[in-house]
Amino acid sequence: MVTEEAAVRAPSGRSLHVTPLVREGDMVAKGEAVACMRHAPDVCFVAPIAGQVARLSLLPGRKLSEIVLFREPDGAVRQHDPDQADTTAGLRRLMQGAGLWPWLRRRPFGGMPAHDEKPSAIFVMAADTRPFAPDPRQAIAGREEDFSRGLAALLRLTEGPVIVCQQAGAPLFDRGADEGRIRTITRGARHPQASAGICIHQFFPAGLDAPVWDIHAEDTAALGTLLDNGELPMQRLVHIAGAGLRDARTVRTHPGADLRQLTQRIVLPGPHELISGSPLDGHLSRWLAPRHRQITVLPRETARRRPHWLVSALTQSAGAKPAIPTAALSKAFGGALPAAPFIRALSAGDDETAMKLGVLSLLEEDLALADYVLSETGQLTAQLRGMLGRIRTEFDA
Amino acid sequence: MIRGLWNRETVALMLLAAYLPLALFWLWLGGTGALAQLALAVLVIGIWHLVFMLLRAQAPSLAALTTALAIAMLAPEDLGTFRLVLGVSFGVVMGELVFGGWGRNVVNPAIVALSFLGFGFPAFPWPVFDAPIAWAAIPAALIGVASGAMPAAVLAGAALVATGAVLTGLLPEQVLLAAGIVLVLLVADPVTSAATTLGRWINGALYAGLVTFFAIGWAGAAPVQIAVAAALLTSLAAPLLDEAALALWVAQRRRRHGRT
């Protein structure tokens with residue numbers, strides 16, 4: 001399902017300085033670059049649909065905010081030359097020019113990898129345990145060949161292993177001549193077992209000088225298709241769910257899709273909020289974020305009456321209340337790390353202990369479940385972001 | 001956005017639910033005297049929580065009730081109102097409230113209060129528990145573990161060592177009963193017991209080991225006194241156990257992955 005409007009947005013993480021390559025009113029083909037990074041012009045952001053550039057909004061400092069496109073029914077499709085991927089440098093150039101680079105994410109610190117970064121390992125997430133997440137197996141069903149080709153290409157980007165996280169079931173790819181560097185790990189069905197950060201923490205922790213990338217299995221298959229016929233497929237399997245809907249559904253749409261159009265006919269009457277991502281770690285948005293595969297619709301909470309001053313004093317007078325170490329909290333980290341000492345290090349701002357316990361492998365989405373379990377509204381994720389920012393300025397300037 | 005359940009007050013409520021069988025049996029056997037003691041402890045702790053809320057904007061917690069129950073059950077008998085108020089005040093203020101309230105304390109306030117009363121007024125007899133109350137500690141532990149509010153590894157570690165001590169005949173029955181109640185009320189506290197799994201196993205085992213050690217070597221001590229002293233030493237050792245367990249965990253990861 002292709003929406004009438006779509007937007008190109010920067011992946012989450014640090015805001016990015018870009019150079020726009022189009023002007024308002026220009027026609028663009030599907031897959032054509034609309035902006036590139038100012039300091040790394042190889043890395044492009046591409047149009048997910050063919051259409052006309054409707055609005056180009058940049059933040060101060062020429063940081064990308066969003067580029068909105070109107071669909072044209074019979075637009076062209078941008079073709080790339082798959083032969084240039086014969087060398088590793090060519091493969092990188094192809095991935096960056098075709099707009100696949102923003103679908104990668106690096107740890108530590110998150111965000112898109114730098115254009116010349118060499119990862120120590122690449123995790124391919126063929127499992128997703130977040131609530132209401134679509135099954136990646138279904139997303140790549142029938143595309144096993146593309147998936148294997150994508151894996152082989154990822155293998156050329158790193159000297160370390162390529163680790164496929166999957167749930168129990170049939171093997172997803174043909175184990176051929178992979179030099180033994182493609183490993184498969186099987187994860188359980190409960191969140192956060194297949195959370196990328198928890199997997200990375202357990203099997204190949206990221207370090208300051210050992211970045212680890214992760215990419216979704218469907219995007220790996222898309223890379224395989226790009227290498228086969230030179231066209232980057234934009235389709236992705238997206239699940240729409242939530243308490244604000246009449247019925248949930250799974251659609252194939254594209255990054256930057258218009259959430260209003262996708263949910264228009266299935267929302268319940270009354271005010272609601274559209275969230276790109278899962279109910280745990282998503283954010284309010286009108287457009288589907290570059291790496292998201294879920295749309296959550298929740299009824300909007302009406303503003304409650306202010307409680308009596310004594311009730312406020314009893315419940316909200318102090319700042320954040322301490323987290324009590326319970327079994328629920330340990331389970332929120334999948335038993336992968338000592339939860340209580342980690343939370344204490346995080347809330348005390350103890351960077352060194354947190355680094356020992358593995359904070360460099362984690363991002364906001366991995367702590368979202370702990371935030372939910374502790375009934376906080378984003379305190380832990382905010383503390384994590386602050387800590388990662390501090391570590392970045394201190395050690396990784 | 002959606003929010004889960006397990007904030008501080010939910011955990012306090014779950015602990016209260018776990019202590020309910022213990023409290024009911026104790027009140028049933030103790031009658032109005034026990035009820036009056038509990039009411040006094042609740043009143044004093046409530047006043048101190050109110051004072052800290054008004055002076056330091058520190059939100060009170062339902063955990064005050066669990067502290068009150070522990071102190072009322074285990075405090076020496078016939079202390080009189082003044083001494084009890086003094087002991088409860090010292091324990092709650094110095095053991096919990098000055099650190100920032102429940103969840104930030106390093107020792108259980110009830111342990112501090114009971115140790116204070118034990119050291120301060122050694123002439124008063126410690127309570128003796130009948131078997132039914134001690135048996136009620138078992139459902140309390142089960143509820144606590146099932147709801148996840150009590151650390152299962154602490155209870156398991158203590159049970160393991162205690163079984164060994166009973167089988168070898170080192171642990172008399174009266175001490176075992178008192179130690180079981182103190183284990184549930186004071187040692188298996190999610191905040192002040194060790195926070196790592198290995199640390200918790202050692203924490204429980206250390207408690208049972210100390211109880212056995214005191215039962216053998218501390219002549220003339222009452223069973224509850226032995227258990228409270230062991231609980232105090234264990235909770236003081238808990239951070240050390242955690243530190244050791246974390247160092248071990250970090251070393252293991254470093255060996256496996258080359259970094260942490």
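By convention in this document, chain letters (A, B, ...) are assigned in the order of the sequence lines, proteins followed by strands, and residues within each chain are numbered from 1.
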- Of all heavy-atom pairs linking B:R3 and A:Y372, the shortest is C-CE1, 3.3 Å
- Could you tell me whether a side-chain N or O of A:S375 sits under 3.5 Å from a main-chain N or O of B:G4, the two making a donor and an acceptor? yes
- Query: Roughly how far apart are A:E301 CD and B:I2 CD1, rounded to 0.5 Å?
  - Reply: 11.0 Å
- Task: Could you look at A:L298 and say if it's the side chain, the backbone, both or neither that has a heavy atom under 4.5 Å from chain B?
- Result: side chain
- Looking only at heavy atoms, the pair that brings A:A336 and B:W249 closest together is O-CZ2, 3.6 Å
- Task: Identify the two heavy atoms, one from B:G103 and one from A:I324, that lie closest to each other, and give their separation to 0.1 Å.
- Result: CA-CD1, 3.8 Å
- Item | Contact origin within B:P151 toward chain A - heavy atom pairs under 4.5 Å | neither
- Note on the structure: Of the listed A:P322, A:A327, A:P279, the one with the largest count of heavy-atom pairs under 4.5 Å with chain B is A:P322
- Message: Tell me which of these, A:A340, A:P341, A:G358, has more heavy-atom pairs under 4.5 Å with chain B than the rest.
- Response: A:P341
- Note on the structure: CG of A:L337 to OG1 of B:T196, rounded to nearest 0.5 Å, is 12.0 Å
- Item | Residues, nucleotides or ligands: over 12 heavy atoms within 6.0 Å of A:E159 CD | no
- Message: Distance check, rounded to the nearest 0.5 Å: B:R256 atom CZ versus A:F204 atom CZ?
- Response: 13.5 Å
- Heavy-atom contact with chain A under 4.5 Å, split by part of B:V191: both
- Task: Can you tell me which residue pairs pass the salt bridge (charged side-chain N to carboxylate O under 4.0 Å, His left out) test with a partner in residues 348-370 of chain A, sequence neighbours excluded?
- Result: A:R105-A:E365, A:R107-A:E365, A:R107-A:D366, A:R130-A:E365, A:D351-A:R390, A:E364-A:R385
- Below 4.5 Å from any heavy atom of chain B, which atoms of A:A206 appear? Answer side chain, backbone, both or neither. backbone
- Message: Applying a heavy-atom distance below 4.5 Å, give me the residues of residues 139-149 of chain B that approach chain A, sorted by number.
- Response: B:G148, B:A149
- Message: Need one label for A:L357: side chain, backbone, both or neither, based on atoms under 4.5 Å from any heavy atom in chain B.
- Response: both
- Using the test side chain to side chain donor-acceptor pair (under 3.5 Å), find all partners of B:E9 that sit at least two apart in sequence or belong to another chain. B:S61
- Task: Output all residues satisfying side chain to side chain donor-acceptor pair (under 3.5 Å) with A:S285, sequence neighbours left out; order by chain, then residue number.
- Result: none
- Measuring heavy-atom distances to chain B, does A:L369 have an atom under 4.5 Å in its side chain, in its backbone, in both, or in neither? neither
- Message: Only pairs of heavy atoms separated by less than 4.5 Å count here; which of A:V359, A:T296, A:L374 has the most with chain B?
- Response: A:L374
- Based on non-hydrogen pairs under 4.5 Å, which of B:T197, B:N7, B:T10 is most in contact with chain A? B:N7
- Under 4.5 Å from any heavy atom of chain A - which part of B:L246: side chain
- For each of A:H201, A:E273, A:M355, tally heavy-atom pairs with chain B at distances under 4.5 Å, and name the one with the top tally. A:H201
